[in-house]
Amino acid sequence: MTKKTVLTGDRPTGKLHIGHYIGSLKNRVKMQDSGDYDINVMIADMQALTDNARNPEKIRNSLVEVALDYLAVGLDPNKSTIFVQSQIPALNELTMYYLDLVSVARLERNPTVKAEIKQKEFGQSIPSGFLIYPVSQAADITAFKADTVPVGDDQEPMIEQTREIVRSFNHTYDVDVLVEPEGVFPPKGQGRLPGLDGNAKMSKSLGNCIYLSDSEDEVQRKVMSMYTDPNHIRVEDPGQIEGNTVFTYLDVFAKDKSEVDVLKAQYQAGGLGDVKVKRYLNEVLQAELGPIRKRREEFAKDIPAVYDMLKAGSQKANVVANQTLDEVRKAIGVNYF
Ligand code: TRP
């Protein structure tokens, strides 16, 4: 069987949280361990710079944190290529050629970019690099001829735009050089873990995250502060399960689903206090995060080794990306000498 090829990655703008873990990291590790995929995981520092150009320290510092998070969840540099976007020059040249095939209007219609532009309050000063980052993302994916892109639900528009660029390129230059990728998304209903405060999204800017690197105490404190049913005041009151973040997390993380069903029934009938449910969730989360935290602490003891790992991964990635760039140049006809 020929292996499928995966290209995926994350912007290093902070540490990764359990929303990332559920949304895509878990999928990637599963794919890696199945042995059926050739896996490339990229830390997208250039994409992170598109709205952090004046704050490069943040990206620099986050790079190593994300690398540690990857190693902690079980991405293994002996099985997967882990590399850094800015160290792969071919990606930029591919981006330039692809930009000529994409209209400004199409870029302005990308729903995820649109939502981010609103959220980031750029006003009249949207960095042009930010607006075009889906095209650079198409370069990331196609440079590796990836057919499989495991990402969170919010990345669906990027995959769609990549597919359009692939079709347009192959058609325009009458070649079969680029490969149309498919997204692999989290299981239904698990695409987006809500924040601790009940907000639909766990995100650093909202300060409602549990990080993979959080200490045992931090995890416990955060769980105890979680949003539940605001009308569930006394233990004997019947409580709501819907929109109750603690139960949403239990649905995602608890291995023993029948135990969760028992708790749900008790909670709805009245007689089960929030503190008890939160203690149970805390146990469940600590069991999942404990081994990850431990591995992270081990890898963090030797940061130079982490950079060496990224360097070796980037060297491997350059060989593949340069090969695709050669084919692209030839397809366009800019291979003069
Ligand atoms: N856009 C992704 C994020 O927001 C990061 C990313 C960059 C990526 N290039 C990619 C993801 C290519 C998958 C494939 O974190």
Side-chain angles (χ1 to χ4, degrees), residues 4-17 19-25 27-28 31 37-52 58-59 62-63 65-67 69-70 75 80-88 90-92 94-95 98 107 110-117 119-120 127 129-166 178-186 191-193 201-205 209 212 313-314 317 320-321 324:
K4 292 198 155 239
T5 304
V6 165
L7 181 288
T8 184
D10 299 277
R11 279 181 258 187
T13 53
K15 300 171 174 191
L16 299 182
H17 53 64
H20 293 116
Y21 181 59
I22 292 303
S24 63
L25 294 175
N27 262 344
R28 299 174 191 173
M31 287 175 162
Y37 298 86
D38 177 7
I39 310 249
N40 303 282
V41 185
M42 182 188 76
I43 308 186
D45 60 339
M46 280 196 295
Q47 190 177 107
L49 282 165
T50 60
D51 64 324
N52 287 285
K58 174 169 136 192
I59 310 309
S62 301
L63 181 91
E65 297 294 343
V66 170
D69 287 329
Y70 282 168
L75 284 175
S80 300
T81 306
I82 306 175
F83 69 98
V84 182
Q85 188 182 34
S86 62
Q87 306 308 301
I88 316 299
L91 300 178
N92 302 303
L94 290 173
T95 302
Y98 297 169
L107 286 166
N110 184 302
T112 298
V113 174
K114 233 165 129 174
E116 283 178 318
I117 285 174
Q119 185 215 330
K120 291 177 192 291
F130 188 85
L131 187 69
I132 66 139
Y133 90 66
V135 180
S136 131
Q137 191 155 339
D140 303 334
I141 295 169
T142 56
F144 295 85
K145 303 202 174 176
D147 44 37
T148 309
V149 186
V151 278
D153 292 335
D154 63 325
Q155 294 296 302
E156 210 273 328
M158 308 306 159
I159 316 265
E160 192 45 48
Q161 200 157 2
T162 300
R163 294 165 63 87
E164 282 175 34
I165 289 170
V166 167
L178 303 183
V179 174
E180 263 190 71
E182 272 182 61
V184 175
F185 301 100
R192 180 158 284 183
L193 203 62
K201 199 179 170 188
M202 181 172 279
S203 99
K204 193 176 52 125
S205 52
C209 308
L212 291 170
S314 299
V320 180
T324 303

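Whatever order the structure lists them in is the order used to number ligands and atoms, beginning at 1. Note that these values count all heavy atoms, side chains included, but never hydrogens, waters or copies made by symmetry.
Between Cys209 atom SG and Lys15 atom NZ the span is 11.5 Å, to the nearest 0.5 Å.
Listed for the Lys145 side chain is no donor-acceptor partner under 3.5 Å among the backbone atoms of Thr5. The backbone N or O of Pro150 lies less than 3.5 Å from a partner atom in the side chain of Thr8, making a donor-acceptor pair.
Per-residue contacts place Leu7 under 4.0 angstrom from the following atoms of ligand 1 (heavy atoms of the residue considered): 12 (C), 14 (C). Every atom of ligand 1 is numbered from 1 in the order shown, and the set under 4.0 Å from a heavy atom of Val149 is 13 (C), 14 (C). Under a 4.0 Å criterion applied to the non-hydrogen atoms of Ala44, ligand 1 contributes the atoms 7 (C). Near Asp10, the atoms of ligand 1 lying under 4.0 angstrom from a non-hydrogen atom of the residue are 5 (C), 15 (O). Taking every non-hydrogen atom of Val151 and a distance limit under 4.0 Å, the qualifying atoms of ligand 1 come out as 11 (C), 13 (C).
Polar contact check, Tyr133 against ligand 1: no nitrogen or oxygen pair lies under 3.5 Å apart. Residue-to-ligand polar distances keep Thr8 apart from ligand 1: every N/O pair is separated by 3.5 Å or more. On a distance-only criterion, Gln85 and ligand 1 share no N/O pair closer than 3.5 Å.
Applying the 6.0 Å contact sphere to CD of Gln119 captures more than 12 heavy atoms from other residues, nucleotides or ligands. Heavy atoms from other residues, nucleotides or ligands lying under 6.0 Å from NZ of Lys120 number more than 12.
Between Arg11 and Glu116 a salt bridge is recorded (basic side-chain N to carboxylate O distance below 4.0 Å). We find that Lys4 and Asp38 are not joined by a salt bridge, their nearest charged nitrogen and carboxylate oxygen being 4.0 Å or further apart.
Under the 6.0 Å distance and 45° angle rule, Arg28 does not count as a cation-pi partner of Tyr37.
Of the protein's heavy atoms, Asp140 OD2, 2.7 Å lies nearest to atom 9 (N) of ligand 1. Closest to atom 15 (O) of ligand 1 among all protein heavy atoms lies Arg11 N, 3.2 Å. The nearest heavy-atom contact from the protein to atom 8 (C) of ligand 1 is Gln137 NE2, 3.3 Å. For atom 5 (C) of ligand 1, the nearest non-hydrogen atom of the protein is Gln47 OE1, 3.5 Å.
Under 3.5 Å, the side chains of Gln47 and Gln85 contain no donor-acceptor pair of N or O atoms.
Looking at Gln155 against ligand 1, only its side chain comes within 4.0 Å, counting heavy atoms. Neither the backbone nor the side chain of Asp154 has any atom closer than 4.0 Å to an atom of ligand 1 (non-hydrogen atoms only). At a heavy-atom distance under 4.0 Å, only side-chain atoms of Met42, from C-beta outward, approach ligand 1.
Screening Asn40, Val151, Ile39 against Leu7 for a side chain to side chain contact (heavy atoms under 4.5 Å, CB included) leaves a single residue, Asn40.
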